[in-house]
Amino acid sequence: GAAVTEHDEL
Amino acid sequence: MNIFRFAGDMMHLTSILVLLLKIYATKSCSGISLKTQELYALVFLARYLDLFTDFISVYNTIMKLVFIVSSTAIVWCMKRDRVVRRSYDKQLDTFRHYFLLAASFALALLVNEKFTFQEIFWAFSIYLEAVAILPQLVLLQRSGNVDNLTGQYVFFLGAYRAFYILNWIYRYFTETHFSRWIACISGLVQTALYADFFYYYYISWKNNTKLKLPA
């Protein structure tokens, strides 16, 4: 499946 | 991390420090919406569930902990501190925030990046943050006069959002795989909610008068 966006922001 | 993102985070941190300063120095929380503060505490708790599963950087981890601790401390202070809680404008803080909670959670179930526990709570926190300022803006509008620190608190929160938008524009042009529509669209909505407040803040700053919002 599509990769989940990395949550690198606060 | 780019300079806009960092500036945004620092504005966010400053807004919280200004609020803590107001509460501790004046022993008063008048003009502050407990409902907005409760929603923010919930936003951080729901979003940072990844604190134990995903490591991004030491900076991120420390900031997450600071946001969780400070937001819950503010709620605790407004509800439990003997002196502070007396100044709470309960009769003005009547916004139905449960409605915001329910709507954000329903939207998170429908629109998320992946149907998993963490991703649903992440999306929920993004939607909730976008609207969490509403009880605060309504309270300010009802009370009419806004004291300096409360005005600055909301100003820094709005500035934080503005810098995050610049950060996304920067990332959009500098990163090859930048796509985070949920955060960006919610962020735009959130920033738009401040537009009115910013207008009156600017007017009061320009004329060097006390900030007053029209009823």
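Chain A is the first sequence line, chain B the second, and so forth, proteins listed ahead of strands; every chain is numbered from 1.
Looking at B:Gln118 and B:Thr53, their side chains do bring a donor and an acceptor atom within 3.5 Å of each other.
Contact annotation for B:Asn167: only side-chain heavy atoms (C-beta onward) come within less than 4.5 Å of a heavy atom of chain A. Only the side chain of B:Tyr48 comes within contact range of chain A, with heavy atoms under 4.5 Å apart. For chain A, the nearby parts of B:Asn60 are the backbone and the side chain; heavy atoms of each come within less than 4.5 Å. No part of B:Trp181 comes within reach of chain A, as not one of its non-hydrogen atoms sits under 4.5 angstrom from that chain. Proximity to chain A (any heavy atom under 4.5 Å) is shown, for B:Phe55, by neither the backbone nor the side chain.
Interface remark: of the candidates B:Arg5, B:Lys64, B:His177, B:Met1, B:Arg5 forms the most heavy-atom pairs closer than 4.5 Å to chain A. When each of B:Phe67, B:Phe44, B:Tyr164 is checked for heavy-atom pairs under 4.5 Å with chain A, B:Tyr164 comes out on top.
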Go through B:Phe121 and B:Phe117 one step at a time and tell me if the ring-ring contact (aromatic ring centres under 6.0 Å, His included) criterion holds.
CA-CA 6 Å; B:Phe121 274 92; B:Phe117 183 81; 4.8 Å; yes
Please determine whether ring-ring contact (aromatic ring centres under 6.0 Å, His included) holds for the pair B:His12 and B:Phe163, giving the CA-CA distance in whole Å, both sets of side-chain angles, and the decisive distance to 0.1 Å.
CA-CA 10 Å; B:His12 198 180; B:Phe163 274 108; over 10 Å; no
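Electrostatic pairing of B:Glu129 and B:Arg161 counts as a salt bridge here, judged by a charged N lying under 4.0 Å from a carboxylate O. Of the charged side-chain nitrogens involved, none lies within less than 4.0 Å of a carboxylate oxygen, so that B:Glu175 and B:Arg180 do not count as a salt-bridged pair.
A:His7 and B:Trp122 have parallel rings, their planes meeting at less than 30° on a 0 to 90° scale where 60° marks the start of perpendicular.
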